[in-house]
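For reference, the structure is listed below as structure tokens.
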2 protein chains.
Amino acid sequence: MELKRAAEGEKGFEKVFAFLRERLLAGSLKPGDRLISERELATLLGVSRPIVREALRALTVLGIVEIRDRIGTVVTRPDVSVLNDFFTFALAQQADMLDDVMQARVAIECQAIRLACDRANIADFERLQRALAKIGETIDEADAGGMADFEFHRAIVVASHSETLSVLHSSMAGLLTHSHRSRRELVQGFPSMKTYLIDDHRRIFEAVIARDPERADATLRKHFAIGDEYRRRAVVGDIDKTSASG
Amino acid sequence: MELKRAAEGEKGFEKVFAFLRERLLAGSLKPGDRLISERELATLLGVSRPIVREALRALTVLGIVEIRDRIGTVVTRPDVSVLNDFFTFALAQQADMLDDVMQARVAIECQAIRLACDRANIADFERLQRALAKIGETIDEADAGGMADFEFHRAIVVASHSETLSVLHSSMAGLLTHSHRSRRELVQGFPSMKTYLIDDHRRIFEAVIARDPERADATLRKHFAIGDEYRRRAVVGDIDKTSASG
DNA sequence: TTATCCTACTGGTCTGACCAAGATCAGACC
DNA sequence: GGTCTGATCTTGGTCAGACCAGTAGGATAA
């Protein structure tokens, strides 16, 4: 009943995790810094090494820290790829989460395209144009087509020059691309699909070129809405009897 | 020198993690299932218990699994709230990017308010109304006022009924509230501030009530823009010589 | 049949140990 | 004197066995 671990009232793992989180959030531990050794950390916090390892492993899967064999533990620049892990698991067991995440993606992209209208440079325009061209070229290929589609949308976010939006977007994209392929196949049969894909993206591109945030946002938003509509119809088996471009 | 660990060529942790991931992704382990005990897992995979714990802890922070003290480890329903941990860490290390994070917040809220127009129920409306009232009541208090402001915006996101948007928003809000207070104090001196705060939020509220996504989005967006403008002026020391309501 | 108690089991943690390999520095060699 | 080499220290990676504290369920007593 010593007051040793009652210091924070936390259990061992929590104690270590909280200790590290504190410094991480406060900024006293920045990317590139090397943590003190596991043994030191253990004695410092009055816990055993396995517990310290649990905490470090936890931070590792969160992409906050990297444990380098025989070197030490260093703080890394957070990497979105972690989210891929999560989404992979999550998606496997809960497909209904897709629509919800999609909403977040729409949010990010619509904001990104507004910023892009203001901040995009020549290189961004060129990247968009290349992606647009690729969409046209791969219009008949489900796989490559999906990739081209993704690259276009990715280019929009990149053009926003916002690190945060970029991070958020790529984390969602990882999850969504999985479903994208099947969705695309589902929708492949619609003749009007090609027109929709090409024209829509071209209109979006033009709005960015025109540096018109309102139009770009609206066009992109409509693009997503139409995509949803297509998918909805494909699900109910409504075989192409519309141009659905409104 | 048994062929113990050569089984997969993976290190201990990886072995356990991969083992569990496999069953998780394959679906043989579904939410609600209870894993075999740590000890069994350890002997089964030929690793020590601390290693098993590392893997379980890893899955825990990923929100895939829940370790219940003295009960066992059970598979949980994946929950987006894990992302909160990640984003909190990730965004914290880019403190210089508060404006950038703010862009993401705008993105989330503007999307949320659109969804809210469609999905909000009576309870949501009431929550918004209460928050709105509180903004009026606390208009002269920097601290409580900031809190009320936050609650209103939070209510918008809640009304979207999107778990993902909600999680993203709260991780950002956590970071932004810090700066919010100082911002608010900075701006406190402006007489026209009160009008801006009250009227703007009321207009936003009305747009949601009217279930008009476009208007709501536009109004909210303008609200953010004006807030930015105030802050900008406060920084350059331009003491209130405008109504700035355009 | 019911209520209580005991025991096996579970997670939570610690101790102390061994291994392999990078880091470091002293001493040998050029 | 400078460079190279090797022993040693340190670090992560892992293991084995142990103890605690509750929980669940079977055995036992009422």
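Below, chains carry the letters A, B, ... as their sequence lines are ordered, and counting in each starts from 1.
Classified by interplanar angle (parallel below 30°, tilted 30° to 60°, perpendicular above 60°), the ring pair Phe150(B)/His169(B) is parallel.
Side-chain proximity of Glu38(A) to the nucleotides dT23(D), dC15(D), dG12(D) is greatest for dG12(D). Considering only the side chain of Lys11(B), dT14(D) comes nearest among dG12(D), dT14(D), dA21(C). The side chain of Ser48(B) lies closest to dC15(D) when the candidates are dA21(C), dC15(D), dC18(C). Among dC14(C), dT10(C), dA24(D), the nucleotide with an atom closest to any side-chain atom of Arg70(B) is dT10(C).
Arg34(A) places its CZ atom 13 Å from the P atom of dT10(D), with the value rounded to the nearest Å. The CD atom of Glu66(B) sits 13 Å away from the C1' atom of dG11(C) (whole-angstrom rounding). Rounded to whole Å, atom P of dT23(D) lies 8 Å from atom CG of Asp69(B). The interatomic distance linking Ile67(A) (CD1) with dG22(C) (P) rounds to 17 Å, in whole Å. One atom, CG of Leu41(B), and another, P of dG11(C), lie 9 Å apart when rounded to the nearest Å. Note: CZ (Arg39(A)) to P (dT15(C)) measures 14 Å, nearest angstrom. In this structure, Leu56(A) atom CG and dT11(D) atom P are separated by 13 Å, rounded to whole Å. Whole-Å rounding puts the Ile51(A) CD1 to dT14(D) P distance at 16 Å.
Counting distance only, with no hydrogens placed and no angle test, the side-chain atoms of Arg68(A) and the base atoms of dG12(D) include no donor-acceptor pair under 3.5 Å. Taking 3.5 Å as the limit, the base of dT10(C) and the side chain of Arg49(B) contain no donor-acceptor pair of atoms between them.
Thr76(B) places a side-chain N or O within 3.5 Å of a backbone atom of Gly63(B) that can act as its donor or acceptor partner.
Counting non-hydrogen atoms under 4.0 angstrom, Glu40(B) reaches the backbone sugars and phosphates but no base.
Side-chain atoms of Ser162(A) and Arg119(A) include no donor-acceptor pair closer than 3.5 Å. Remark: the Arg114(A) side chain and the Ser160(A) side chain contain no N/O donor-acceptor pair separated by less than 3.5 Å.
Listed pair Ser37(B) / dT10(C) meets the phosphate criterion, a side-chain N or O lying under 4.0 Å from OP1 or OP2. OP1 or OP2 of dG11(C) sits under 4.0 Å from a side-chain N or O of Thr73(B).
Geometrically, Arg23(B) engages Phe19(B) in a cation-pi contact, judged by NZ or CZ lying under 6.0 Å from the ring centre and within 45° of the ring axis.
Both distances falling under 3.5 Å, in either a Watson-Crick or a G-U wobble arrangement, place dC30(C) opposite dG1(D).
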